[in-house]
Amino acid sequence: MHDSPIPYTPDAIQTSLNTLILGRRIELHRQVGSTNDLAREAGRRGEPEGLVILAEEQLAGRGRLGRTWVAPHGCCVLCSVLLRPRFSPAHAFYLTIAAALAIHRALKGPGTRDQGSDLASGLTPGPWPLIARIKWPNDVLVNGRKVCGILSESEFSGREWAFAVVGFGINANLSPGELGDLQDNATSLSAELGHAVDRAALLVRVLTELESIYLSLQGGQTGMIYREWVAALETPGRRVTVDAPEGRMIGQALRVEPDGALVLRLDSGEERRVLAGDVMLPG
Ligand code: BTN
């Protein structure tokens with residue numbers, strides 16, 4: 001347990017980490033193009049799974065649907081994890097769910113998980129005023145605004161996995177001013193909590209939860225992970241606008257399916273399954 005900040009260095013993070021796979025090797029770069037790109041290069045070189053690539057700043061950070069991901073130097077958790085899954089490539093979508101749930105679990109206050117793991121964070125022990133929810137498919141929201149984005153990328157060799165990279169960016173210590181025009185839809189943990197967060201301790205919690213979920217997936221427990229994702233989602237039941245590669249759709253979000261699809265009832269009454277897209281929620 002830690003009640004003082006852990007320095008944001010590979011050694012200090014590793015000392016606090018009790019994982020079997022994730023973070024056995026950690027690289028922290030001052031400035032990179034994209035941590036996901038470095039992790040993919042490592043995957044192609046044959047590096048073992050669990051490698052964690054961190055950066056203080058990305059010059060070419062990538063987001064979902066071909067967008068860029070920008071974060072000021074030194075205030076966020078910009079992280080990519082190299083994995084070598086053994087479960088069916090048909091379940092690749094579950095890696096993205098795994099990251100969203102790991103961050104969702106890590107942000108939860110005591111009462112929902114054991115007190116020990118919350119004290120281990122170095123963040124103020126709860127109850128925190130944070131209520132994290134997941135917006136389909138994998139944006140983590142606090143008080144309705146995005147604190148974390150996830151970009152999972154998989155490479156295959158024929159029908160088998162070559163490797164996967166799970167990348168996430170958590171807005172840890174960003175002032176409302178630094179969020180600028182994004183403030184309507186995005187926030188940071190420090191802005192929500194009213195104090196800075198210990199990035200290293202937060203990362204330790206996220207990696208610990210991510211490993212636990214990853215091991216469940218490797219053990220074939222996708223059903224359990226699906227149910228936890230469904231319970232954490234705020235999208236079903238809401239009226240939504242979805243910008244999908246096939247165009248904009250407006251309707252009622254009915255449910256999500258085990259392959260990750262969001263099922264909408266359009267105003268015409270037609271039901272549509274959406275596999276990728278951006279959801280906008282009213283209010
Ligand atoms: C999104 O919400 O669009 C996903 C954003 C993912 C950003 C992270 S930051 C670390 C990793 N490296 C990248 O280039 N992207 C991901």
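For this chain, numbers begin at 1 and follow the sequence in order. Order of appearance sets the numbers: ligands from 1, and atoms from 1 within every ligand.
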Can you find an N/O atom of K146 closer than 3.5 Å to an N/O atom of ligand 1?
yes
Which of the ligand 1 atoms, numbered from 1, are nearer than 4.0 Å to a heavy atom of [X]:
| X | value |
| --- | --- |
| G63 | 1 (C), 3 (O), 4 (C), 5 (C) |
| G169 | 8 (C), 9 (S) |
| G61 | 14 (O) |
| C79 | 10 (C) |

Contact list for residues 210-231, test salt bridge (charged side-chain N to carboxylate O under 4.0 Å, His left out), sequence neighbours left out:
R105-E228
Donor-acceptor pair between H29 and E27 side chains, under 3.5 angstrom:
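Indeed, the side chains of H29 and E27 share at least one donor-acceptor pair under 3.5 Å.
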Y214 and E49: side chain donor to acceptor below 3.5 Å:
yes
Under 4.0 Å between a side-chain nitrogen and a carboxylate oxygen: does that hold for [X] and [Y]?
| X | Y | answer |
| --- | --- | --- |
| R238 | E234 | yes |
| R145 | D184 | no |
| E270 | R265 | no |

Within 6.0 angstrom of R30 CZ, more than 12 heavy atoms from elsewhere:
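Open.
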Protein heavy atom at shortest distance from [atom]:
| atom | value |
| --- | --- |
| atom 10 (C) of ligand 1 | T35 OG1, 3.2 Å |
| atom 9 (S) of ligand 1 | Q58 NE2, 3.4 Å |
| atom 5 (C) of ligand 1 | W69 CE3, 3.3 Å |

Heavy atom under 4.0 Å from ligand 1: found in L65's side chain, backbone, both, or neither?
neither
Which one of R62, R64, R67 has a non-hydrogen atom at the shortest distance from atom 14 (O) of ligand 1?
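Going through R62, R64, R67 one by one, R62 has the nearest heavy atom to atom 14 (O) of ligand 1.
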